[in-house]
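These figures come from a predicted structure and were not determined experimentally. Quick note on labels: first sequence line is chain A, next is B, and so on, each numbered from 1.
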Amino acid sequence: MKIATWNVNSLNVRIEHVLEWIAYAKPDILALQEIKQPDEMFPLDAFKEIGYHAISSGQKTYNGVAVITKEQPKNIITDFSGFDDLQRRILITEINNVRIMNLYIPNGQNVESDKYTYKLAWLNALIAHIEREQDKYKDIIILGDFNIAPEDRDVYDAEKWGEDVLCSPKEREALEKIIALGFCDVFRKFDQEEKQFSWWDYRAASFRRNAGVRIDLILASESLKEKCEISYIDREPRTWERPSDHTPVIAEFNI
DNA sequence: ATGGTCGGGGACCGA
């Protein structure tokens, strides 16, 4: 089972990129973030035509998540209970007996911002929700745009970035709490080349200079960790014309 | 500095 995550920064603009990527990568499950369109605009037929099911939790202009999947998705959730949120950032579903949690974790803007407070509250609600999922499911994959760089080696210039948002201690602690619940950042299960990132700023020739960060993650429950055979970042779509600022991250499981 | 959205100019958002 090949699983991928990709923040597409508007599905309306990026639909041809997504279809082209699916055509060559042939994922079983593709989790999208920042589709930036309401559900009534979602291009369901485009995915149906290439043999995929698709579900979305969208909104106008901002946020929005979708899951494109070969197999029928079941038991869909779009909110954490007890955490009211108008922003559409969550799409949790069951596919092939695996619980798939597609997340677009808030960016936070900067550590003084109200948006950072919201990010930390959101992460607390996420942690509580994961524990509830663990009561029901053994095999869980949490993937998406985490807007957290797990370690300094996940940042092109960690010294310069310091403890700004994406690298602040509180958000990294939240990620560590999730890992401590029994999850593995599968990209780091394998030997990887240095300086592999999943996002590069559109500005200042950041992609050409590889001035990026690794903030798009795939976490697997302990039960699935040993079944993960490879994980990698596909930089190619970032080279295409009018690309998303993020590129797909992939993990393949022997299930 | 770049890109997307809404709207019809420029503000907001992203990370």
* Asked: Is any side-chain N or O of A/His246 closer than 4.0 Å to OP1 or OP2 of B/dA15?
  -> yes
* Structure fact -> Residue pair A/Arg203/A/Ile105 against DNA chain B: nearer the 5' end by closest nucleotide is A/Arg203
* With a 4.0 Å cut-off, would you call A/Glu133 and A/Arg99 a salt bridge? -> yes
* Expressed in whole Å, how much space separates the P atoms belonging to B/dC6 and B/dG14? -> 15 Å
* Is there a side-chain polar atom (N or O) of A/Tyr104 under 4.0 Å from OP1 or OP2 of B/dA15? -> yes
* If we take the C1' atom in both B/dG8 and B/dG4, what is their distance in whole Å? -> 16 Å
* Asked: Using purine N1 to pyrimidine N3 plus N6-O4 or O6-N4 for Watson-Crick, or N1-O2 and O6-N3 for G-U wobble, both under 3.5 Å, which nucleotide pairs with B/dC13?
  -> B/dG3
* Before giving the answer on side chain to side chain contact (heavy atoms under 4.5 Å, CB included), spell out for A/Leu32 and A/Leu11 the whole-Å C-alpha distance, their side-chain angles and the decisive distance to 0.1 Å. => CA-CA 9 Å; A/Leu32 302 177; A/Leu11 185 56; 4.1 Å; yes
* Could you state the CG-C1' distance from A/Asn147 to B/dA15, rounded to the nearest angstrom? -> 6 Å
* Rounded to whole angstroms, how far apart are OH on A/Tyr156 and C1' on B/dA15? -> 10 Å
* Considering only atom C1', compute the distance from B/dC12 to B/dG7 and round it to an integer number of Å. => 13 Å
* To do: Give a yes/no answer on whether the side chain of A/Asn7 brings an N or O atom under 4.0 Å of OP1 or OP2 in B/dA15.
  => yes
* Asked: Rounded to the Å, how far apart are A/Trp199 CH2 and B/dG3 P?
  -> 13 Å
* **d(CZ, A/Arg88; C1', B/dC13) in whole Å** => 18 Å
* Aromatic contact, A/Phe47 with A/Phe42 (centres under 6.0 Å) -> yes
* To do: Round to a whole Å and report the spacing from CG of A/Asp201 to C1' of B/dC13.
  => 13 Å
* Asked: Between A/Phe197 and A/Trp200, what is the ring plane arrangement, given parallel below 30°, perpendicular above 60°, and tilted in between?
  -> perpendicular
* Asked: CG of A/Asn110 versus P of B/dC12: gap in Å, rounded?
  -> 15 Å
* **CG (A/Asp157) with more than 12 external heavy atoms under 6.0 Å** => yes
* Asked: In the strands shown, is B/dG8 matched to any nucleotide by a Watson-Crick or G-U wobble pair with both distances under 3.5 Å, and which?
  -> none
* **Ion pair check, A/Arg153 and A/Glu194, cut-off under 4.0 Å** => no
* To do: Could you label the plane-to-plane angle of the A/Phe80 and A/His129 rings as parallel, tilted or perpendicular, counting under 30° as parallel and over 60° as perpendicular?
  => tilted
* **Gap in Å between the two C1' atoms, one belonging to B/dT2 and one to B/dG10, rounded** => 16 Å
* To do: Take the protein atom CD of A/Gln87 and the nucleotide atom C1' of B/dC13, then report the distance between them rounded to whole Å.
  => 11 Å
* Asked: Is A/Glu34 touching bases, backbone alone, or none of the nucleic acid, heavy atoms closer than 4.0 Å?
  -> sugar-phosphate
* Charged N to carboxylate O under 4.0 angstrom, A/Lys225 versus A/Asp185? -> no
* Asked: For DNA chain B, what residues of residues 232-240 of chain A have any heavy atom nearer than 4.0 Å?
  -> none
* Asked: Given A/Asn9 and A/Tyr202, is the side-chain hydrogen bond (donor to acceptor under 3.5 Å, both in side chains) satisfied, shown in steps?
  -> CA-CA 12 Å; A/Asn9 188 17; A/Tyr202 285 118; 3.1 Å; yes
* **Sugar-phosphate, base or nothing in reach of A/Asp145, heavy atoms under 4.0 Å** => sugar-phosphate
* To do: Mind listing the closest non-hydrogen atom pair of A/Val13 and A/Arg242 along with its distance?
  => CG1-CZ, 4.0 Å
* To do: Using atom CZ of A/Arg208 as one end and atom C1' of B/dA1 as the other, report the distance to the nearest whole Å.
  => 14 Å
Atom pairs under 3.5 Å: protein N/O with N/O of nucleotides 4-10 of chain B:
unit_1 : atom_1 : unit_2   : atom_2 : d
B/dG4  : OP1    : A/Arg14  : NH1    : 3.1
B/dG4  : OP1    : A/Arg14  : NH2    : 3.4
B/dG4  : OP2    : A/Arg242 : NE     : 3.4
B/dG4  : OP2    : A/Arg242 : NH2    : 3.2
B/dG4  : O3'    : A/Ser10  : OG     : 3.3
B/dT5  : OP1    : A/Ser10  : OG     : 2.5
B/dT5  : O3'    : A/Thr61  : OG1    : 3.3
B/dC6  : OP1    : A/Thr61  : OG1    : 3.3

